[in-house]
Amino acid sequence: MANFTTVNGFLLMSFSENSEIEIIHAFLFLVLYLVALTGNILIIAATSIDQSLHSPMYFFLKHLSFLDLCYITVTVPRSICDSFMHSGRISFWECILQCFAFSTCCSSEVAMLTVMSYDRYVAICFPLRYEIIMDVSTCVYGVLAVWISGIIAGVMHTAATFSIHFCGPKVIHQFFCDVSQLLILSCSNDYISEVGVTVFLALVAFLCAFFIGFSYTRMLSTVLRIPSAEGRAKAFSTCLPHLCVVTLFFSTGAFEFLKVHSDSSPGLGFLLTVLYTVVPPTLNPMIYSLRNKAMQAALRKVIRESRAYIS
């Protein structure tokens with residue numbers, strides 16, 4: 001694969017040129033993908049079937065799980081196939097589509113976490129008005145806003161990235177069409193527009209992170225004023241999973257910044273990319289079901305019904 005130079009597309013480099021290591025990488029990715037697939041499908045099934053989970057919090061959780069499925073499916077399955085087939089060739093239009101889908105999912109994930117933090121903020125700080133504020137129309141409009149904003153960001157990112165001219169061996173040292181790697185292949189300074197889009201979207205992401213931090217600061221001050229220890233524990237239990245997911249996503253996303261601004265080896269860059277593309281969708285279902293008794297009961301119910309249906 002190292003000697004291949006493509007004309008109408010790109011070459012995605014594997015983690016290692018050693019075929020045995022490449023197969024091990026493929027099996028590890030396959031295991032992580034199956035764990036993410038199973039966990040998120042179970043979350044979607046539980047929140048859809050169990051009537052006790054038909055609330056705004058679980059409505060958004062269901063859409064977050066669907067988004068996580070899309071997020072990991074955009075990159076990992078193709079990487080698994082490429083590793084097993086020992087081929088990393090990807091056409092120009094496939095690269096465009098993958099870049100658009102990944103940018104859309106990543107931006108939508110930020111927006112969804114922001115909407116979910118608003119839901120928790122209203123539930124904790126305005127409990128008496130919660131059902132009025134977070135009615136069905138608000139939830140639906142919130143999810144629509146998430147996807148629309150994600151698609152707009154994806155179009156902006158993709159259009160700016162592929163408006164530049166690529167030259168030389170079009171080799172991408174990553175397991176998917178990574179924007180930071182594509183910019184390295186630019187022939188001149190015509191990547192300025194993509195840098196501008198990246199800075200703008202980074203600013204939007206920072207504002208989302210600021211809003212999430214502000215909302216949790218207000219929630220913390222409200223929870224600490226609850227007189228009973230049981231009430232405080234219940235309030236914390238509804239916020240803690242989301243806070244862990246937010247921390248996981250933004251902390252692993254910081255590795256993208258470190259990767260772009262470092263002269264690290266391709267192997268280290270590959271591992272940093274795995275942290276923000278594979279780890280969050282895999283761990284999110286575990287985080288939400290770890291200490292949530294209602295979710296655990298719903299998941300057990302789904303598993304029992306699935307076994308009964310199979311048998």
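- Separation of atoms NZ (Lys170) and CZ (Phe92) is listed at 7.0 Å; rounding is to 0.5 Å.
- Checked against Tyr71 for a ring pair (Phe, Tyr, Trp, His ring centres under 6.0 Å), the options Phe102, Phe176, Tyr33, Tyr276 give a single hit: Phe102.
- Leu61 has its side chain out of reach of Leu53: every pair of non-hydrogen atoms, C-beta onward, lies at least 4.5 Å apart.
- With ring centers used as reference points, His25 lies under 6.0 Å from Phe29.
- Here the two cysteines Cys95 and Cys177 have their SG atoms closer than 2.5 angstrom.
- Within 6.0 Å of atom CZ in Arg232, more than 12 heavy atoms from other residues, nucleotides or ligands are found, so the atom counts as buried in its surroundings.
- Within the 3.5 Å criterion, the main-chain N or O of Cys70 finds no donor-acceptor partner in the side chain of Thr73.
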task: Please test Tyr58 against Asp50 for side-chain hydrogen bond (donor to acceptor under 3.5 Å, both in side chains), starting from the C-alpha separation and ending with a verdict.
output: CA-CA 10 Å; Tyr58 294 107; Asp50 198 314; over 6 Å; no
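- When all heavy atoms of Ala235 and Ile226 are compared, the pair lying nearest together is CB-CD1, 4.1 Å.
- For the residue pair Val146 and Ser149, the shortest heavy atom distance occurs at O-OG, 2.8 Å.
- When all heavy atoms are compared, the tightest approach of Gln98 to Val74 is NE2-O, 3.1 Å.
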message: Checking Phe100 against His157 for the ring pair (Phe, Tyr, Trp, His ring centres under 6.0 Å) test, could you report, in this order, the C-alpha distance in whole Å, the side-chain angles of both residues, the deciding distance, and whether it holds?
response: CA-CA 7 Å; Phe100 167 73; His157 228 329; over 10 Å; no
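- Residues Ser65 and Asn284 fail the side-chain proximity criterion, which asks for heavy atoms closer than 4.5 Å.
- With sequence neighbours excluded, no residue forms a salt bridge (charged side-chain N to carboxylate O under 4.0 Å, His left out) with Arg120.
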message: Does Lys62 form a side-chain contact (heavy atoms from CB on, under 4.5 Å) with Ile43? I'd like the steps, not just the answer.
response: CA-CA 7 Å; Lys62 175 169 63 177; Ile43 293 286; 5.7 Å; no
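- Proximity of a side-chain donor or acceptor of Ser107 to a complementary backbone N or O of Thr104 within less than 3.5 Å is not detected.
- The CD1 atom of Ile21 sits 12.0 Å away from the OG atom of Ser83 when rounded to the nearest 0.5 Å.
- The number of heavy atoms from other shown groups lying within 6.0 Å of CZ (Phe236) is above 12.
- The side-chain heavy atoms of Met295 and Leu299, taken from C-beta on, include a pair separated by under 4.5 Å.
- Note that CG of Asp68 is 13.0 Å distant from NE2 of His63, once rounded to the nearest 0.5 Å.
- You'll find the side chain of Ile124 reaches within 4.5 Å of the side chain of Cys239, heavy atoms only.
- Closest heavy-atom contact between Ser108 and Gly150: OG-CA, 3.3 Å.
- Taking the six-membered ring wherever Trp is involved, the centroid distance between the rings of His242 and Tyr216 falls below 6.0 Å.
- The main-chain N or O of Ile44 is found under 3.5 Å from a side-chain atom of Thr47 such that the two form a donor-acceptor pair.
- Note: the hydrophobic cluster containing Leu34 also contains Ile23 (ILVMFWY, side chain heavy atoms under 4.5 Å, direct or indirect links).
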field: Intermediate values then yes/no, side-chain contact (heavy atoms from CB on, under 4.5 Å), Cys99 and Val179
entry: CA-CA 7 Å; Cys99 180; Val179 171; 3.6 Å; yes
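- Note on Val31 and Val279: same hydrophobic cluster, where clusters join Ile, Leu, Val, Met, Phe, Trp and Tyr whose side-chain heavy atoms are under 4.5 Å apart, directly or indirectly.
- Contact record, Val35 with Met286: CG1-CE, 3.4 Å, taken as the closest heavy-atom pair.
- Phe10 is not listed as a side-chain neighbour of Arg89, based on a closest heavy-atom distance of 4.5 Å or more.
- Crowding of Phe214 atom CZ: a count of heavy atoms from other residues, nucleotides or ligands under 6.0 Å not exceeding 12.
- Of all non-hydrogen atoms in Ile164 and Leu182, the two that sit nearest each other are CD1-O, 4.1 Å.
- Taking CD1 from Ile72 and CG from Leu67, the interatomic distance works out to 12.0 Å, rounded to the nearest 0.5 Å.
- Shown here is Phe211, whose CZ atom has more than 12 heavy atoms of other residues, nucleotides or ligands within 6.0 Å.
- Remark: the backbone N or O of Ser289 is paired with a side-chain donor or acceptor of Gln296 at under 3.5 angstrom.
- The side-chain heavy atoms of Ile80 and Phe27, taken from C-beta on, include no pair separated by under 4.5 Å.
- Taking the salt bridge (charged side-chain N to carboxylate O under 4.0 Å, His left out) definition, one finds that Glu94 meets it with Arg78, sequence neighbours left out.
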- request: Decide side-chain contact (heavy atoms from CB on, under 4.5 Å) for Leu240 and Cys244; before the verdict, give the C-alpha distance in whole Å, the side-chain angles of both, and the deciding distance to 0.1 Å.
  value: CA-CA 6 Å; Leu240 190 59; Cys244 290; 4.2 Å; yes
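- Hydrophobic clustering of Ile, Leu, Val, Met, Phe, Trp and Tyr side chains at less than 4.5 Å, counting indirect connections, unites Met156 with Ile148.
- Under a hydrophobic clustering in which Ile, Leu, Val, Met, Phe, Trp and Tyr are joined whenever their side-chain heavy atoms come within less than 4.5 Å, directly or via other members, Ile49 and Leu69 fall into the same cluster.
- With sequence neighbours excluded, the residues satisfying side chain to side chain contact (heavy atoms under 4.5 Å, CB included) with Cys139 are Pro56, Phe59, Phe60, Met134.
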message: For a side-chain hydrogen bond (donor to acceptor under 3.5 Å, both in side chains) check, start with the C-alpha distance between Asp82 and Ser79, then their side-chain angles and the critical distance, and finish with the verdict.
response: CA-CA 5 Å; Asp82 288 345; Ser79 176; over 6 Å; no
- request: Just do the side-chain contact (heavy atoms from CB on, under 4.5 Å) check on Thr158 and Ile96 with the steps written out, would you?
  value: CA-CA 7 Å; Thr158 307; Ile96 290 177; 3.7 Å; yes
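- One N or O on the side chain of Asn40 and one on the backbone of Ala36 form a donor-acceptor pair closer than 3.5 Å.
- In this structure, CZ in Phe126 is found 11.0 Å from CG in Leu128, a value given to the nearest 0.5 Å.
- Follow the hydrophobic side-chain contacts under 4.5 Å out from Trp147 and you never reach Ile152; the two are in separate clusters.
- When side chains are defined from C-beta on, Phe175 does not count as touching Leu12, because their heavy atoms never get closer than 4.5 Å.
- When the shell of 6.0 Å around OH of Tyr118 is examined, it contains 12 or fewer heavy atoms from other residues, nucleotides or ligands.
- Taken from CE in Met219 to OG1 in Thr222, the straight-line distance is 8.5 Å, to the nearest 0.5 Å.
- Leu283 has its side chain within reach of Leu248: a pair of non-hydrogen atoms, C-beta onward, lies under 4.5 Å apart.
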